[in-house]
Amino acid sequence: MCTQNGHHSGLEVLMTVASCASSLLGPNRTLKCIVADDSDPEGSVLTSTAPDLLSNLDINHPVGQLLNLTCQAHYKMYGTGCKTLVCMAGFLARAALHCLQMGIPVSVVCHCLEEGITICCQEVEKTAIVVDE
């Protein structure tokens with residue numbers, strides 16, 4: 001989670017990618033225009049979905065690639081919720097980075113995040129509505 005020089009690049013990548021997707025949320029969401037190359041206008045994409053956004057971004061960092069793969073798999077399985085998934089990853093990364101900067105050990109941060117995610121999942125399961133196919 002931490003590089004030798006003390007930077008938390010994986011967390012920073014999650015926060016950056018999530019910040020790109022956060023304006024896609026809600027009733028006032030905006031479209032994102034991704035320009036692949038100035039010399040190739042046909043390579044441009046206009047999107048309002050997280051899977052399209054992530055698949056069209058050139059993300060070289062392994063954590064960013066993992067987020068993209070997770071988002072694509074989530075979309076393939078559920079067809080929805082990807083914007084929320086990406087934004088939650090960014091929020092959790094921001095919280096983790098804040099804790100680490102305060103000197104809280106990595107093991108404690110990971111334990112607390114895992115506990116928080118477990119509680120969120122339990123609450124979601126309580127409010128879930130079964131829908132027949």
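Remember, predicted model here, so these are calculated numbers, not experimental data.
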Practice problem: With side chain to side chain contact (heavy atoms under 4.5 Å, CB included) as the test, would you mind laying out the steps for Ile117 and Leu92 before giving the verdict? | Solution: CA-CA 9 Å; Ile117 290 170; Leu92 291 172; 3.8 Å; yes
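Two different hydrophobic clusters hold Tyr78 and Val124 under the rule that ILVMFWY side chains link at heavy-atom gaps under 4.5 Å. Leu54 is connected to Ile34 through a chain of hydrophobic side-chain contacts under 4.5 Å among Ile, Leu, Val, Met, Phe, Trp and Tyr, so both are in one cluster. Using a 4.5 Å cut-off between side-chain heavy atoms of Ile, Leu, Val, Met, Phe, Trp and Tyr, with links allowed through other members, Leu97 and Phe91 fall into different hydrophobic clusters.
For Met77, the CE atom sits in a loose shell: 12 or fewer heavy atoms of surrounding residues, nucleotides or ligands are nearer than 6.0 Å.
Here the straight-line distance linking atom NE2 of His74 with atom CD of Gln72 works out to 11.5 Å at 0.5 Å rounding. Going from atom OG of Ser9 over to atom CG of Leu14 covers 10.0 Å, rounded to the nearest 0.5 Å. The OG1 atom of Thr84 lies 5.5 Å from the CG atom of Leu25; values are rounded to the nearest 0.5 Å. Once rounded to the nearest 0.5 Å, the distance linking OG of Ser23 with CG of Leu31 reads 9.5 Å. Leu53 contributes atom CG, which lies 7.5 Å from atom CD1 of Ile59 (distance to the nearest 0.5 angstrom). Remark: Leu57 CG to Leu67 CG distance equals 10.0 Å, nearest 0.5 Å.
Side-chain contact check for Leu100 versus Leu11: some heavy-atom pair is nearer than 4.5 Å.
The two residues Met15 and Arg94 have their closest heavy-atom pair at SD-CA, 3.4 Å. The two residues Gly90 and Ala18 have their closest heavy-atom pair at CA-CB, 3.4 Å. Nearest heavy-atom pair, Val109 versus Cys99, reported as atom, atom and distance to 0.1 Å: CG2-CB, 3.6 Å. Taking both residues in full, the closest heavy atoms of Cys71 and Val86 are given as SG-CG2, 4.1 Å, listed atom of the first, atom of the second, then distance.
At distances below 3.5 Å, not a single donor-acceptor pair connects side-chain atoms of Lys32 with backbone N or O atoms of Leu24.
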